[in-house]
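Positions are given from 1, in the same order as the sequence printed here. Note: hydrogens, waters and symmetry copies are ignored here, and every other heavy atom, side chains too, is used. When a ligand or atom number is given, it counts from 1 through the structure's own listing order.
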Amino acid sequence: MQGRHFLQIPGPSPVPDRILRAIAMPVIDHRSAEFAELGRAVLEGCKTVFRTTQPVIIYPSSGTGAWEAAIVNTLSPGDTVLMAETGHFATLWRQIAAKFGIKVEFIPGDWRRGADPAAIGAKLAEDKAHRIKAVMVVHNETSTGATSRIAEIRQAIDAAGHPALFMVDTISSLASVDYRHDEWRVDVTVSGSQKGLMLPPGLGFNAISEKALTAAKRNTLPRSYWDWQEMLKINSTGFFPYTPATNLLYGLREAIAMLHEEGLENVFARHERLAAACRAAVKAWGLEILCEEPAEQSPVLTGVLMPTGHDADRFREVALRNYNISLGSGLGKVARKVFRIGHLGECNALTLLGALAGVEMALADAGVPHRTGGVMAAMASLQGNGGPRIEAVA
Ligand SMILES: *Cc1c(COP(=O)(O)O)cnc(C)c1O
C-alpha cells in the first residue's frame, strides 16, 4: 500500500528516522576501546531516564527476559511475593514467578484499573511475620491502558513499615510516563527498548537499588546469563560479559539524546496531551474506554471496548486492509473484546489525528455502531489543551 504504515500498537512503537540512522552503522569489536566509549555512554545515559544514580543493567533480551532477571537475582524458591492483577502483563509476570517456585499472592483485579495502593498496604500490614519478600507491580498495564500510581504504592509500603523489595515493570511506561526509580525507592525497575524508548525490540533493562544488590548476594535461585554480578563487574569498564546488541546501543545513545533535547517533562506532557485527545475521540464515538478510573487512564495507549456482538479482531483487520493501520489486539481474557490505540514514542498531534481518522473510517466500514465526530473532538482537545501553538500573526 502507498504511503507509510501507521504502527499504532502500544509497542513496538514507531522508531524515529534519526534512531534508525544511528543504528545503521558498521558492527564494531565489542572488546575495543571504541566500544567501551559507547558502553559507558549508554550505561550512564540510561540512568537519567530511569532517574537513578544506581546501576542500570542492559540485556540483549526482550522485556520478558528482564522480568525473569529481576526474579532470579533477588528471590529464592518458596518465597512469597505480592502482585496485583492489573491485566495480561501482570498475569504473565506472575506465571514466570510461579515457574521459579515463588508463591504469588495475587490481589484480584477486573482489568479496568491500576493496582490499588490501599489493598497492597492492607496485605502488607497483615503480614506481621514479613513473609512477603517483594511487591511486584506493572506501572503501565499495556493490555488495558491503566497506569498504576507507583508513588502511592511506595507510600503504602512505607506506611505498613514493611521491608519487602519493590519491583516495578516499566516496559511500556519508561520515557513516556513520569517515573522516578530513586525518589520512589524502587528496588528493581524492569524495562524494555521497544515502547517509550522508541527503539526496535531487543534490549531489556534492570535498574537496581543497593537493597536489591544485597538481596542478590543471599538469594538462592540459580542464574547465569541474567546474573547481575557478572554484568556489574565488567560494566564498570564500559564492556559486557558477552556480546551486547551493539547496534541497538547506538540507537539507545541517540534515543537518550532525543529525550533530553525534548526534555523529559515535555515528553510526558506530550503523551498526556495525545492521550486526552484520543479519549475525547473514543467518547465522541460513544464507545467505552476500558480503564474506568480517570486518574489511571494511560498516557501511552487507550484500550477501547467493542460494542457487544462486534469482534475487535475483525474490526482491526478491516482497519489494516482499508487504511494500512495496525491497532493493538485484546490480550488474554479481553481478546476480541478490546482494541488498543497506541500513542507513544514517536507520535505527535497529526500522527494521532491520522490514526484516529483511520479508526473512525474503519468503524464505519466494519459496521460497528458509533457516532461520527471523534476526530473533531480530538482536534478540539489538542487545541484546548496547551499544545504548542502560534497565535494568529498580526
Ligand atoms: C511489552 C510488555 C511486556 C513484555 O515485553 P516483551 O519485550 O514482549 O517480552 C511486559 N510488560 C509490559 C507492561 C509490556 O508492555
Chemist: Identify the residue among F50, W184, F205 that makes a ring pair (Phe, Tyr, Trp, His ring centres under 6.0 Å) with Y179.
Modeler: W184
Chemist: Return yes if a side-chain donor-acceptor contact under 3.5 Å exists between D169 and W67, otherwise no.
Modeler: yes
Chemist: Identify, with sequence neighbours excluded, every residue that meets side-chain contact (heavy atoms from CB on, under 4.5 Å) alongside D227.
Modeler: N73, R223, Q229, E230
Chemist: Report all N/O contacts between ligand 1 and the protein shorter than 3.5 Å as a table of atom names and distances to 0.1 Å; if there are none, say 'none'.
Modeler:
residue	atom	partner	partner atom	Å
ligand 1	7 (O)	G63	N	2.8
ligand 1	7 (O)	Q194	NE2	2.7
ligand 1	9 (O)	S62	OG	2.7
ligand 1	9 (O)	G63	N	3.2
ligand 1	9 (O)	T64	N	2.8
ligand 1	9 (O)	T64	OG1	2.5
ligand 1	11 (N)	D169	OD2	2.7
ligand 1	15 (O)	T142	OG1	2.4
ligand 1	15 (O)	K195	NZ	2.6

Chemist: Please determine, by modelled atom types, if S172 and N140 share a side-chain donor-acceptor pair under 3.5 angstrom.
Modeler: yes
Chemist: With sequence neighbours left out, what residues match K133 under side-chain contact (heavy atoms from CB on, under 4.5 Å)?
Modeler: L75, D79
Chemist: Among pairs that include at least one residue of residues 24-44, which meet side chain to side chain donor-acceptor pair (under 3.5 Å), considering only residues two or more places apart or in two chains?
Modeler: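 Every pair satisfying side chain to side chain donor-acceptor pair (under 3.5 Å) with a residue in residues 24-44: E44-K47.
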